[in-house]
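A quick write-up on the structure given underneath.
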Amino acid sequence: MNELEERWQSYWEERGIYRYDPARGRDETFVVDTPPPTVSGVLHIGHCYSFTQTDLVVRYHRMRGENIFYPMGWDDNGLATERRVQNMFNVRCDPSLPYEGEDLELERGADGQPRSLSRRKFIELCDAVVEEDERAFKSLFERLGLSCDWTQTYTTVGRRSRFVSQLSFLHLLEKGEAELRDAPTMWDIDFQSAIAQAEVEDRDKEGSFYNIRFGLESGGSVVIATTRPELIPACIALVAHPDDERYRSLIGTNAITPLFEAPVPIVADEGAEMEKGTGILMVCTFGDAADVEWWRELAVPVREIIGRDGRIKPVPWGEAQWVSNDPATAAEHHAKLSGLTINQAQREIVAALEMAGAIEGEPEKLRRPVKFYEKGERPLEFVVTRQWFVKILDKKQVLLEQGRKVAWHPLVMQKRYEDWVEGLNQDWCVSRQRYFGVPIPVWYGVGADGAIDYTNVIVPRKEDLPVDPSAETPTGFRPEQRGEPGGFVGDPDVFDTWGTSSLTPLIVSGWPDDEQRHRALYPNDLRPQAHDIIRTWAFYTITRAYLEDGSVPWKHAAISGFILDPDRKKMSKSKGNVVVPTETLDQFGSDAVRYWAASGRLGWDSAWDPKVLKDGRRLATKLLNAARLVYGYEGDAGEVTYPLDRALIGRLRATIARVTDRWDAWEHQNALGITETWFWSDLCDNYLELSKGRAYRSDPSAIATLRIAMDVVLRLFAPIVPFITEEIWQTTAAKADSIHVASWPTVGELPAGEDEGCFDAAVAVLTQVRRAKSQAKVSMRFPVRHLGVTGPESKLGLLKLVMDDVTETGNIADYELIADGAAETLVADTQLAEPEPA
RNA sequence: GGGGCGUUAGCUCAGUUGGUAGAGCACUACCUCGACAAGGUAGGGGUCAGUGGUUCGAGUCCACUACGCCCCACCA
């Protein structure tokens, strides 16, 4: 961090420039639901991009006089932290172990077998790592000049978040919106946790399409096509389309699975596509979501063979639902599969099927999309587990309506939200089989027989929240009753990380106890976030707000884009194309990085291009130099009377109006563009040059105009380049207070003045004089002996008003204005002084 | 398969309600002049993806096509 940045950063912090003022009313307060970054330790240039875009808006609103509530949160809750701790210390969590005590010190980078730790110790490590990461993030964000109120910082695993998360869940439970279900759920076999629809992504995977012959009870056989032959023991039915002539006669009869000799019904369903495969398919428990649907419709017992670890489970063929015409053979085949991974089992069963002659022809290779947990490495499986669900499927319509009450910027992002809501096909599974997170705050009764009674959900008293049911005892029980008949057990799971972060507006608002603060902060004004988490963070936040009290959580949602590498590929650590922000900040400075972020359109992905950073640095330098000139002139400001000065004020008026309009339209990139063009072209290239003569002579009109223009342009740039504008404002311009609490420029604060055309006339002539000098390869100060300007009477009249400035700037000795009724533009004939260069 | 977005100068992109194509970078030439060489001045460079339509007039509105990207669905 350079000296200037450091100096102003600590100045802002010491003066509390960005502090929220709880005494001011809701109507003048602008509340930001800041995205809590995942504190995974990887700082990304994309963080700089999106957080700066939010800060631009915040700074604009602050200068408009609003009371800003702009907190920072750290998303330390969840898998990313667990993974980091596991890798950093080479440890694993084993919740069955007792706490090792505070004294146990662990080394980083330990080798060998991972060491198992108690849940409490593991969480202590998570806390420590997270604290370190949060310091790194805070230092980056301060350096970027984010105008957060750091006294309002929260974490998603902190006590306050756990309280809000658990309380809100208890409300859902009371309303019947949360349910415990023992049902097939998407399951990641590596993380060994349930996964929600929003965390699933498709990836193309190579596979083989096998044609497998099933026997028929009525005699003969039928061939089905499948990519998952290992699920044959889990087959519960075959399905064909009711109109399919080939199979119509088989409907209602039983098929016999190969190897396992299990009778399965052949049923008709319009969901079966005649053209696909052989037109008849097997339903297993469970190959995919369609299997789950069919299994529900058929209402037959589950034959589940895949365990939570993704290996084939042993099952009792011949007993209960494991019906087989030849249980001994089935058990024999199953024994060979037991304990194998899915891939191993597939190879094994294909070999067995080939031996049995049940495979028709060669397997066909194909690529097809397979569902993965977005952070996972192996395909998801559907496994029957007991999970907590929040009912959302029955609320699609109202959630669409709630989404329409939010103003999305850019508007197309509303469509993204609606597409997601319309496509929902599962309720929200909120329980996760993880450790570092907010515990699900319930216990279950244990029956007299020692079995857990999941219908007997024991909830904590609200005044006891937050609770950890695996360590605390519910009211009315004694600790030694844990796990005993007639006693209780704690729910071992934690909430989906979104289950907590969907409540960020309530976490910061003091809900529900601090009613005054809550009313002052909720609903929020702005939710800034990236487009990839519309289906999670935005969706779940809208959902939770609706379920809690029917509210809409924010007025506006500003959706930022991603930073892609120069080849337009997503940056990722594994590809090694991540740009480290601290290096960029060192090289170009904070203002340049912010300039770059401001030049990107809201919602649009942008390729990483360091050239724009150079532009930003150039702007900062130019501002400083222009300010030195303007504030360096001696003399007092007077009335703005000179025509060129009045014209500049007129042009500034128009600029303020246009720039303000663009900020209000959430188009910071256009606000920047208009400001920049005006500053660079009107002010620096033309006015600063044209006004020099008068300004050096301390002409009161010129001095006034220059200072007014500079005061305005600095404030117009202040949200984008806060460091250099503050430096100039307080040092060069010697203003008393921070520019960031100065008022946003308005047309009304300017003196009278309008641009009737003399500015353009002066620039038109000056440009032609410059061109003549450039073509003659002489310096811009080279004297002009005589200038003849031909043009229409009206334009000559305007030009005449400012001709003193033009002759002085162009170093023109003598001039003549020649009226030509036929002409439309001003044409200058520049005669350079002797000796003319060769 | 459904939906969304994009295609403008070598590169990155502006082009608000339809009215003579813009900026920065890069390139060329010149200029150290009393803010600025992390600079200044001037200049070259585009049949606005294609086709058709509406209009006096289309980069801008409409339809279709091509290519690229994104989301969702399918996923036997």
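Letters A, B, ... are given to chains in the order of the sequence lines, protein chains preceding strands, and every chain is numbered from 1.
Scored by the side chain to side chain contact (heavy atoms under 4.5 Å, CB included) test, A:Ala268 finds A:Pro242, A:Ile251 as partners (sequence neighbours excluded). Residues passing the ring-ring contact (aromatic ring centres under 6.0 Å, His included) test with A:Tyr210: none are found, sequence neighbours excluded. Every residue meeting the side chain to side chain contact (heavy atoms under 4.5 Å, CB included) condition with A:Ile720, not counting sequence neighbours, appears here in chain and number order: A:Leu56, A:Ala598, A:Trp663, A:Leu672. Scored by the side chain to side chain contact (heavy atoms under 4.5 Å, CB included) test, A:Gln768 finds A:Arg771, A:Val827, A:Ala828 as partners (sequence neighbours excluded). Residues meeting the side chain to side chain donor-acceptor pair (under 3.5 Å) test with A:Arg662, sequence neighbours left out: A:Glu667. The ring-ring contact (aromatic ring centres under 6.0 Å, His included) search around A:His531 returns A:Phe562, not counting sequence neighbours.
At the heavy-atom level, A:Arg628 lies nowhere under 4.0 Å from the strands shown. At a threshold of 4.0 angstrom between heavy atoms, the contacts of A:Met780 include nucleobase atoms, whether or not backbone atoms are also involved. Residue-level contact check: A:Leu688 touches the bases, meaning some heavy atom is under 4.0 Å from a base atom. Within the 4.0 angstrom heavy-atom criterion, base atoms lie near A:Glu689.
Ion pairing of A:Lys371 with A:Glu201 is absent here, as no side-chain N (NZ or NE/NH1/NH2) approaches a carboxylate O to less than 4.0 Å.
No donor-acceptor pair under 3.5 Å is formed between the side chain of A:Trp428 and the backbone N or O of A:Gln197. Checking side-chain atoms of A:Gln414 against main-chain N and O of A:Glu418 turns up no donor-acceptor pair under 3.5 Å.
Between A:Pro229 and the choices A:Leu259, A:Asn211, A:Ile359, A:Val350, the side chain to side chain contact (heavy atoms under 4.5 Å, CB included) rule is met once, by A:Val350.
Atom pair A:Trp608:CH2 and B:rC11:P shows a separation of 21 Å (rounding to whole Å applied). To the nearest angstrom, P of B:rG40 lies 18 Å from NZ of A:Lys773. When rounded to the nearest whole Å, the span between CH2 of A:Trp666 and C1' of B:rU16 equals 19 Å. Nucleotide B:rA37 holds its P atom 14 Å from the CZ atom of A:Arg617, rounded to whole Å. For the pair A:Glu273 CD and B:rG1 P, the computed distance is 13 Å after rounding to whole Å. Look at CD on A:Gln197: it is 9 Å from P on B:rC72, rounded to the nearest Å. Between A:Asp591 atom CG and B:rA38 atom P there is a gap of 19 Å when expressed in whole angstrom units. Atom CG in A:Asn670 sits roughly 14 Å away from atom P in B:rC13 (whole-Å rounding).
Using atom C1' as the reference point in both B:rC74 and B:rC61, the two lie 36 Å apart (nearest Å). Going from the C1' atom of B:rG18 to that of B:rG53 covers 15 Å, rounded to whole Å. For B:rU60 and B:rG22, the C1' atoms lie 15 Å apart once the distance is rounded to whole Å. Comparing the P positions of B:rC69 and B:rA23 gives a spacing of 31 Å, expressed to the nearest Å. For B:rU20 and B:rC48, the C1' atoms lie 15 Å apart once the distance is rounded to whole Å. If you take atom C1' in B:rU47 and the same atom in B:rG39, they sit 37 Å apart, rounded to whole Å. Going from the C1' atom of B:rG4 to that of B:rA42 covers 45 Å, rounded to whole Å. B:rG6 and B:rU41 have their P atoms separated by 35 Å, given to the nearest Å.
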Sub-3.5 Å pairs of nitrogen or oxygen atoms, protein against nucleotides 3-9 of chain B:
none

Can you check nucleotides 27-29 of chain B for protein contacts, nitrogen or oxygen pairs under 3.5 Å, and list what you find?
none

Polar atom pairs between nucleotides 21-25 of chain B and protein, under 3.5 Å, N or O only, would you list them?
unit_1: B:rG24; atom_1: O2'; unit_2: A:Asp615; atom_2: OD1; d: 3.1
unit_1: B:rG24; atom_1: O2'; unit_2: A:Asp615; atom_2: OD2; d: 2.7

Going through the checks in order, is the side-chain contact (heavy atoms from CB on, under 4.5 Å) test met by A:Ile559 and A:Gln529? CA-CA 5 Å; A:Ile559 308 298; A:Gln529 63 163 79; 3.8 Å; yes
Give the C-alpha distance, both sets of side-chain angles, the deciding distance and a yes or no for salt bridge (charged side-chain N to carboxylate O under 4.0 Å, His left out) between A:Asp760 and A:Arg651. CA-CA 11 Å; A:Asp760 282 336; A:Arg651 293 165 82 93; 3.3 Å; yes
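Neither OP1 nor OP2 of B:rC74 sits under 4.0 Å from any side-chain N or O of A:Lys276. Checking the phosphate oxygens (OP1, OP2) of B:rG40, a side-chain nitrogen or oxygen of A:Trp680 falls inside 4.0 Å. Residue A:Arg771 places at least one side-chain N or O closer than 4.0 Å to OP1 or OP2 of B:rG43.
With the nearest nucleotide of RNA chain B identified for both A:Leu766 and A:Gln669, A:Gln669 has the one nearer the 5' end.
Residue pairs meeting the salt bridge (charged side-chain N to carboxylate O under 4.0 Å, His left out) criterion with at least one member in residues 239-248 of chain A, sequence neighbours excluded, are A:Asp244-A:Arg246, A:Glu245-A:Arg248. Every pair passing ring pair (Phe, Tyr, Trp, His ring centres under 6.0 Å) that includes a residue from residues 269-290 of chain A is listed here, sequence neighbours excluded: A:Phe286-A:Trp295.
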For RNA chain B, the dot-bracket notation using Watson-Crick and G-U wobble pairs below 3.5 Å, [ ] for pseudoknot-type crossings and | for other-strand pairs, is (((((((..((((.....[..)))).(((((.......))))).....(((((..]....))))))))))))....
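A cation-pi arrangement, defined by a distance under 6.0 Å to the six-membered ring centre and an angle within 45 degrees of its axis, is present between A:Arg203 and A:Phe372.
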